[in-house]
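The structure appears right after this line, and notes come after that.
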Amino acid sequence: LLIDAQKALLVLTASEDGTAKLWSTDLGESLRTFEGHADSVLSAAWSPDSAVVATASKDNTARLWCAASSRCLRTLHGHRGWVNSAEFSAGGELLVTASDDGSAIVWHIPSGKCFLRLE
């Protein structure tokens, strides 16, 4: 959940159709669709500044998206199984993804590089 500058409540959802959506509870409709994954999206999260959305998918990738335009900024490859979750660090510079392959990866968002792999 996010409250935007106009005090509207926004909801971010993940879907089996391979997308994530940003919804307005005031309007009761989707404002943006984040599409590009090849399989179901299992998790979606906002960066602390709400500028970036991260998604985790059954296609073994995580993606970073511009929240304002829904443009894919980066695809993160490194897991060998479904990526079940993605969470931003409090400062927003790191993203942690967890996978069915038993690993967790800490990504450095500005570079898109693996900062740390835990297995």
Side-chain angles (χ1 to χ4, degrees):
L1 298 174
L2 176 73
I3 304 206
D4 72 6
Q6 289 77 37
K7 306 290 186 214
L9 184 63
L10 303 176
V11 177
L12 184 62
T13 61
S15 177
E16 287 189 8
D17 70 2
T19 68
K21 291 190 178 194
L22 179 63
W23 300 85
S24 166
T25 59
D26 288 349
L27 301 174
E29 63 186 39
S30 173
L31 300 176
R32 283 179 203 72
T33 300
F34 305 91
E35 49 189 331
H37 281 289
D39 207 334
S40 300
V41 175
L42 301 174
S43 172
W46 270 300
S47 62
D49 64 2
S50 305
V52 177
V53 168
T55 54
S57 173
K58 286 184 178 181
D59 68 5
N60 301 355
T61 69
R63 289 184 181 231
L64 299 172
W65 310 84
C66 173
S69 69
S70 68
R71 181 176 59 87
C72 183
L73 302 171
R74 188 178 308 274
T75 301
L76 304 172
H77 298 274
H79 290 291
R80 295 177 301 277
W82 295 356
V83 183
N84 297 309
S85 64
E87 292 293 330
F88 286 93
S89 64
E93 190 169 289
L94 301 174
L95 180 79
V96 178
T97 55
S99 171
D100 271 2
D101 67 12
S103 71
I105 297 176
V106 180
W107 303 92
H108 180 249
I109 292 175
S111 69
K113 304 284 186 198
C114 173
F115 178 74
L116 177 66
R117 184 179 183 93
L118 305 169
E119 293 192 69

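Since the model is a prediction, treat every value here as computed from it, not as a measurement.
- Under the 4.5 Å side-chain contact rule for hydrophobic residues, L118 and I109 do not share a cluster.
- Residues meeting the side-chain hydrogen bond (donor to acceptor under 3.5 Å, both in side chains) test with R80, sequence neighbours left out: E119.
- When every heavy atom of A20 is checked against every heavy atom of A44, the shortest pair comes out as CB-CB, 4.2 Å.
- Shown here for P48 and G92, the closest heavy-atom pair between the two residues is CD-CA, 3.6 Å.
- Residues L95 and L73 fall within the same hydrophobic cluster, defined by Ile, Leu, Val, Met, Phe, Trp and Tyr side chains chained together at heavy-atom separations under 4.5 Å.
- With a 4.5 Å cut-off on side-chain heavy atoms, L31 and L10 count as touching.
- Applying the side-chain hydrogen bond (donor to acceptor under 3.5 Å, both in side chains) rule to S47 yields the partners D49; only residues at least two apart in sequence or on another chain are considered.
- Contacts of D59 classified as side-chain hydrogen bond (donor to acceptor under 3.5 Å, both in side chains), with partners at least two apart in sequence or in another chain: H37, S57, T61.
- The closest side-chain heavy-atom distance from V52 to W46 is not below 4.5 Å.
- By the salt bridge (charged side-chain N to carboxylate O under 4.0 Å, His left out) test, D101 is found to be paired with R117, residues two or more places apart in sequence or in another chain being considered.
- Checking side-chain atoms of S99 against main-chain N and O of G102 turns up no donor-acceptor pair under 3.5 Å.
- Atoms SG and CZ, on C66 and R71 in that order, are 6.0 Å from each other to the nearest 0.5 Å.
- Closest heavy-atom contact between L42 and A14: C-CB, 3.9 Å.
- Screening residues 60-98 for ring-ring contact (aromatic ring centres under 6.0 Å, His included) gives F34-W65 as the qualifying pairs, with residues at least two apart or on separate chains.
- Taken from OG1 in T55 to CG in L64, the straight-line distance is 7.5 Å, to the nearest 0.5 Å.
- Between A45 and A86, the shortest heavy-atom contact is CB-O, 3.4 Å.
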### Message
Does L76 form a side chain to side chain contact (heavy atoms under 4.5 Å, CB included) with V83? I'd like the steps, not just the answer.
### Response
CA-CA 10 Å; L76 304 172; V83 183; over 6 Å; no
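- Hydrophobic clustering, with ILVMFWY side chains joined whenever heavy atoms are under 4.5 angstrom apart, keeps I105 apart from L116.
- Counting only residues at least two apart or in different chains, salt bridge (Lys or Arg N to Asp or Glu O under 4.0 Å) contacts with residues 29-45 are absent.
- Here the closest heavy-atom approach between residue C72 and residue R63 is recorded as SG-NH1, 3.7 Å.
- Listed by first then second residue, pairs satisfying ring-ring contact (aromatic ring centres under 6.0 Å, His included) with a partner in residues 89-118 number zero, not counting sequence neighbours.
- With no hydrogens or angles considered, no side-chain donor-acceptor pair links D26 and S24 at under 3.5 Å.
- Scanning for side-chain hydrogen bond (donor to acceptor under 3.5 Å, both in side chains) contacts around T13 gives W23, with sequence neighbours left out.
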